[in-house]
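Some notes on the structure that comes next.
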Amino acid sequence: MLDRLVESLETCPMVKRGEYNYFIHPITDGVPIVDPALLRDVAAAMVKVMDLNNVDKIVVVEAMGIHIGSVLSTMTDIPMTVMRKRVYNLPHEVPVHQTTGYSKGELYLNGVYKGDRVVIIDDVVSTGGTMKALLKALEIAGAEVVDVCIAIQRGDPNIGRPYKSLVKIEVDERVHVVQRYI
Ligand SMILES: O=P(O)(O)OC[C@H]1O[C@H](OP(=O)(O)OP(=O)(O)O)[C@H](O)[C@@H]1O
Ligand code: HPA
């Protein structure tokens, strides 16, 4: 189920973002082209490994959680909300600070309320900064995080709670897939 993901990661291009070795891949960047079969593989694998019982909402992060989350949402009929980099000032909006390996900014959670059972999905976890920000926002909102699944785990970031990932990679001048979970 994950052969296409593994193969495409091990052959994807790299660029430097400051000191950070950034890999460029359709799942994490939407370029050069998103193969529907690859996207389907990722979403189907997530459905297989995640606990989705009695889940009220899927929470994803702008921008590259959206395509995976959309497929997952249509497959499971679970509504999705996108944690955005843009403020809306809606009632109950939760702002938090995000720091990644190459950027800093604010993220805004909407549409999640006290007692909601949610799952989090994203394309990649690297420093864990984005996941920590999202988990903090969900705690402030009063939601229960049932499960967390990331398509690509880069190294061993600690996000303060257990999470699942489909593949684990190490990055030097290229991507090496060191573990796959199914
Ligand atoms: O573990 P971290 O170091 O926080 O990195 C992971 C985050 O980095 C990327 O998002 P980015 O903020 O680059 O935005 P994008 O999805 O718009 O590319 C990716 O989509 C993750 O959300
Ligand atoms: O190396 C990367 N590539 C794509 N997206 C990312 N998000 C964090 N690190 C990366």
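Ligands are counted one by one from 1 in listed order, and the atoms in each one are counted from 1 as well.
- Here CG of Asn110 is found 9.0 Å from CG of Asn89. Values are rounded to the nearest 0.5 Å.
- Remark: ligand 1 atoms within the under-4.0 Å shell around heavy atoms of Gly101 are 3 (O).
- On a distance-only criterion, Ser126 and ligand 1 share at least one N/O pair closer than 3.5 Å.
- Here's the thing with Thr28: none of its N/O atoms is less than 3.5 angstrom from an N/O atom of ligand 1.
- For Pro157, the closest heavy-atom approach to ligand 1 does not fall below 4.0 Å.
- Within 4.0 Å of ligand 2, heavy atoms belong to protein residues Tyr20, Asn21, Tyr22, Phe23, Thr28, Asp29, Tyr102, Val124, Ser126, Arg154.
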Kindly list each side-chain donor-acceptor pair under 3.5 angstrom involving residues 41-51, sequence neighbours excluded, with atom names and distances?
unit_1 : atom_1 : unit_2 : atom_2 : d
Asp41  : OD2    : Arg4   : NE     : 2.8
Asp41  : OD2    : Arg4   : NH2    : 3.4
Asp51  : OD1    : Asn53  : N      : 3.2

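- Distance CZ/Arg180 to CD1/Ile169: 14.5 Å, rounded to 0.5 Å.
- Where the criterion is an N or O separation shorter than 3.5 Å, residue side chain and backbone included, Gly128 meets it with respect to ligand 1.
- Side-chain heavy-atom separations under 4.5 angstrom define the hydrophobic clusters, and the remaining members of the one that includes Val87 are Tyr108.
- Contacts between Asp123 and ligand 1, counted as non-hydrogen atom pairs separated by less than 4.0 Å, involve the side chain only.
- Ligand 1 has a nitrogen or oxygen under 3.5 angstrom from a nitrogen or oxygen of Gln98.
- Considering backbone and side-chain N/O atoms, Val125 never comes within less than 3.5 Å of an N/O atom of ligand 1.
- Residue Thr130 has at least one N or O atom closer than 3.5 Å to an N or O atom of ligand 1.
- Under a hydrophobic-cluster definition in which Ile, Leu, Val, Met, Phe, Trp and Tyr are linked whenever side-chain heavy atoms come within less than 4.5 Å, directly or via other members, Leu109 and Met80 are assigned to different clusters.
- By the rule that hydrophobic residues join a cluster once side-chain heavy atoms approach within less than 4.5 Å of another member, Leu5 and Ile24 end up as members of separate clusters.
- In this structure, the protein non-hydrogen atom closest to atom 3 (O) of ligand 1 is Thr127 OG1, 2.5 Å.
- Neither Tyr20 nor Leu9 shares a network with the other; the hydrophobic side chains, linked directly or stepwise wherever heavy atoms of I, L, V, M, F, W or Y lie under 4.5 Å apart, form separate groups for each.
- For ligand 1, one of its N or O atoms has an N or O atom of Lys85 under 3.5 Å away.
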Distance-only donor-acceptor pairs under 3.5 Å for side chains of residues 55-68, two or more places apart:
unit_1 : atom_1 : unit_2 : atom_2 : d
Asp56  : OD2    : Arg117 : N      : 2.7
Lys57  : NZ     : Gly111 : O      : 2.9
Lys57  : NZ     : Asp116 : OD2    : 2.6
Glu62  : OE1    : Arg84  : NE     : 2.7
Glu62  : OE1    : Lys85  : N      : 2.6
His67  : NE2    : Ile27  : O      : 3.0
His67  : NE2    : Met64  : O      : 3.4

Under the criterion side chain to side chain contact (heavy atoms under 4.5 Å, CB included), I'd like the reasoning laid out for Tyr181 against Ser165: C-alpha separation, chi angles, the key distance, then a yes or no. CA-CA 7 Å; Tyr181 290 83; Ser165 56; 3.4 Å; yes
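- With hydrogens and angles left out, the side-chain atoms of Thr100 and Ser103 include a donor and acceptor closer than 3.5 Å.
- Nearest protein heavy-atom contact of atom 6 (C) of ligand 1 is Val124 O, 3.4 Å.
- For the pair Met64 and ligand 1, the shortest N or O to N or O distance falls below 3.5 Å.
- Atoms CZ and CG, on Arg161 and Leu135 in that order, are 6.5 Å from each other to the nearest 0.5 Å.
- Every atom of ligand 1 is numbered from 1 in the order shown, and the set under 4.0 Å from a heavy atom of Gly129 is 1 (O), 4 (O).
- Hydrophobic cluster membership is shared by Val31 and Val15, with clusters built from Ile, Leu, Val, Met, Phe, Trp and Tyr side chains linked at under 4.5 angstrom.
- Protein heavy atom at the shortest distance from atom 13 (O) of ligand 1 is Tyr102 OH, 2.5 Å.
- One distance of note links CG of Leu134 with CD1 of Ile159; it measures 8.5 Å at 0.5 Å rounding.
- Atoms OG1 and CD1, on Thr130 and Ile150 in that order, are 9.5 Å from each other to the nearest 0.5 Å.
- Heavy atoms of Asp122 found under 4.0 angstrom from ligand 1 belong exclusively to the side chain.
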